[in-house]
Amino acid sequence: MANRFRLELPRRPRRMRRTGSLRALCCETEVRPSHLIQPLFVMDGEEAPEPIESMPGMARLSIKDLVGECRELRALGISGVALFPKLSAERKTDDGREALNPDTLVLRAIRAIKAAVPEITVITDLALDPYTLHGHDGLWDAGAQDLANDATVELLAEMAVLAAAAGVDMVAPSDMMDGRVGAIRAALDDHGFEATAIMAYSAKFASAFYGPFRDAVGSASSAGTHHLDKRTYQLNPANRREALTEVALDEAEGADVLMVKPAGPYLDIIREVREETELPLAAYQVSGEYAQIMAAAERGWLDLERCRDESLLAIRRAGADMILTYFAKAFAATFAESGDAQ
Ligand code: PBG
């Protein structure tokens, strides 16, 4: 029996959602492995991978395993890796001087990857947190009870030159000191590294979602807790306009790529930055965002793959060109299996 109730509608948007191929034709956003950067943790020695408890599926790797991992990631179509060293406690000091050791772990890792898998983009953080006993990103001024901005920047610029000499493609200052991008650009250029790019952690918020990462690199342990207060340098999560100021400064100082971090809870900031600048934009889906999805999936409360893919899609839709995500490899592996279907 024909239904007599009929709406007179000028538009019926559901028409274009009726079949898979119609939906595919109308799809506005996509995530591909080439958009992704896999963060990786590297450790000294030749031991087997050391699983990171608060980040299921992630482990600290020896340099040898790291190189193998980069080969696999590249074969899966992943564009880049971001390296984070986990130093043993005896290498850490209050002034983080190990960061300037020309043979320090992360520099050996860069050289090894660039020798074996030169096509993959290698990125390293510029910040002192893996190297300092206190776990802060810069030099601690006990009198001021704060980081010493300019002295830290001087060190970061030296770290940048060392990383560039080791063959890194992009250096990523993650410290949030004032003026660091300009100083790093000048130091790189002075040493003939005009081709080394700067991916600036421009809008990096003082987020509680970094907890698992601090376990992974051991930067939380000296404080005896997950929580290390970085609010004198990282942004207040309440502040939008201040984030845009930071972004504008990094662009003016010569950043090649801007970044918003974390990603999921800051989609509005990603969108605003996208509209303010023509530069490539990165977003970092941080350790806590990863841990949330993994934990709920382990309990059977969320569908891992679908939530993972949706979280990445949302970050792209907000306006990010590239995403640093711990899901990079797993995403690329299922992408390869399922062909292009999204
Ligand atoms: C260190 C750094 C952090 C992250 C990347 N670089 C932690 C912090 O600022 O305390 C966080 C990454 C993550 O949580 O996945 N400067």
Side-chain angles (χ1 to χ4, degrees), residues 36-42 52-60 80-87 92 96 99 106 123-140 147 149 152-153 155-156 159-160 163 170-177 180-181 184 198-223 225-237 246 257 259-266 282-295 308 311-312 315 323-329:
L36 306 182
I37 294 163
Q38 174 76 58
L40 294 172
F41 300 102
V42 57
I52 300 159
E53 207 185 326
S54 50
M55 301 179 73
M58 294 296 299
R60 303 179 194 99
V81 292
L83 306 181
F84 297 98
K86 160 76 165 41
L87 274 80
K92 300 189 185 195
V106 81
I123 304 162
T124 50
D125 251 38
L126 300 180
L128 287 185
D129 54 314
Y131 305 98
T132 55
L133 280 166
H134 43 71
H136 279 292
D137 291 18
L139 293 171
W140 184 251
L147 294 189
N149 190 90
T152 299
V153 170
L155 257 163
L156 297 174
M159 285 173 78
M170 291 203 263
V171 288
S174 65
D175 56 295
M176 291 298 283
M177 295 299 109
R180 87 273 208 227
V181 171
I184 290 165
I198 301 176
M199 169 188 269
Y201 284 72
S202 304
K204 178 172 179 179
F205 291 87
S207 172
F209 286 94
Y210 306 150
F213 173 94
R214 292 180 190 171
D215 280 345
V217 299
S219 63
S221 47
S222 58
T225 158
H226 257 18
H227 182 67
L228 189 56
D229 190 347
K230 298 190 175 184
R231 286 177 300 176
T232 68
Y233 45 110
Q234 298 178 347
L235 286 165
N236 181 347
E246 284 286 4
V257 180
M259 192 204 293
V260 174
K261 175 187 176 185
Y266 296 85
Y284 198 143
Q285 183 182 50
V286 301
S287 55
E289 299 178 74
Y290 173 81
Q292 268 182 317
I293 294 178
M294 292 302 287
R308 174 194 75 197
S311 70
L312 295 173
I315 296 166
I323 308 175
L324 294 95
T325 172
Y326 300 96
F327 288 125
K329 187 181 191 187

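Numbering of residues begins at 1 and proceeds along the displayed sequence. Read the numbers this way: they start at 1 and go in the same order the structure lists the ligands and their atoms.
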Of the side chain and backbone of A127, name the one, both, or neither that has a heavy atom under 4.0 Å from an atom of ligand 1. side chain
Contact atoms of ligand 1, heavy-atom distance to Q234 under 4.0 Å: 8 (C), 9 (O)
Under the criterion side-chain contact (heavy atoms from CB on, under 4.5 Å), I'd like the reasoning laid out for K86 against I52: C-alpha separation, chi angles, the key distance, then a yes or no. CA-CA 11 Å; K86 160 76 165 41; I52 300 159; over 6 Å; no
Per-atom filter on ligand 1: closer than 4.0 angstrom to a heavy atom of D129 are 1 (C), 2 (C), 16 (N)
Region of L228 that comes within reach of ligand 1 [heavy atoms, distance under 4.0 Å]: neither
For ligand 1, which atoms, with element, lie under 4.0 Å from some heavy atom of R214? 8 (C), 10 (O)
Test item: side-chain donor near acceptor, E289 and S311, under 3.5 Å: no
Check D137 against ligand 1 and report side chain, backbone, both or neither, counting heavy atoms closer than 4.0 Å. side chain
Axial cation check for Y210 ring with K261, 6.0 Å and 45° limits: yes
Quick one: does K261 get within less than 4.0 Å of ligand 1, heavy atoms only? yes
How far is atom 6 (N) of ligand 1 from its nearest protein heavy atom, and which residue and atom is that? D125 OD2, 2.9 Å
When you look at E246 and K204, which way does the side-chain contact (heavy atoms from CB on, under 4.5 Å) test go after all the steps? CA-CA 9 Å; E246 284 286 4; K204 178 172 179 179; over 6 Å; no
Please list, in number order, the atoms of ligand 1 under 4.0 Å from a heavy atom of Y326. 12 (C), 13 (C), 15 (O)
The atoms of ligand 1 lying under 4.0 Å from a heavy atom of K230, numbered in the order shown, are 8 (C), 9 (O), 10 (O)
Do Y290 side-chain atoms and P56 backbone N/O form a donor-acceptor pair below 3.5 Å? yes
Proximal atoms of ligand 1 relative to S174 (non-hydrogen, under 4.0 Å): 1 (C), 6 (N), 16 (N)
Indicate yes or no: at least one non-hydrogen side-chain atom of R180 is less than 4.5 angstrom from one of Y201. yes
Just say parallel, tilted or perpendicular for the rings of W140 and H134, cut-offs at 30° and 60°. tilted
Looking only at heavy atoms, which two atoms of F205 and P237 are closest? And how far apart? CD2-CA, 3.6 Å
Quick one: does ligand 1 sit under 4.0 Å from the side chain of Y290, the backbone, both or neither, non-hydrogen atoms only? neither
side-chain contact (heavy atoms from CB on, under 4.5 Å) partner of Y284, the single match among L324, V260, I37, I315: L324
Checking a contact table here: which protein heavy atom is nearest atom 14 (O) of ligand 1, and how many Å away? S287 OG, 2.7 Å
Parallel, tilted or perpendicular: which fits the ring planes of Y326 and F41, with parallel below 30° and perpendicular above 60°? parallel
Can you find a non-hydrogen atom of K204 under 4.0 Å from ligand 1? yes
Atoms of ligand 1 close to Y284 [distance to a heavy atom under 4.0 angstrom, numbered from 1]: 12 (C), 15 (O)
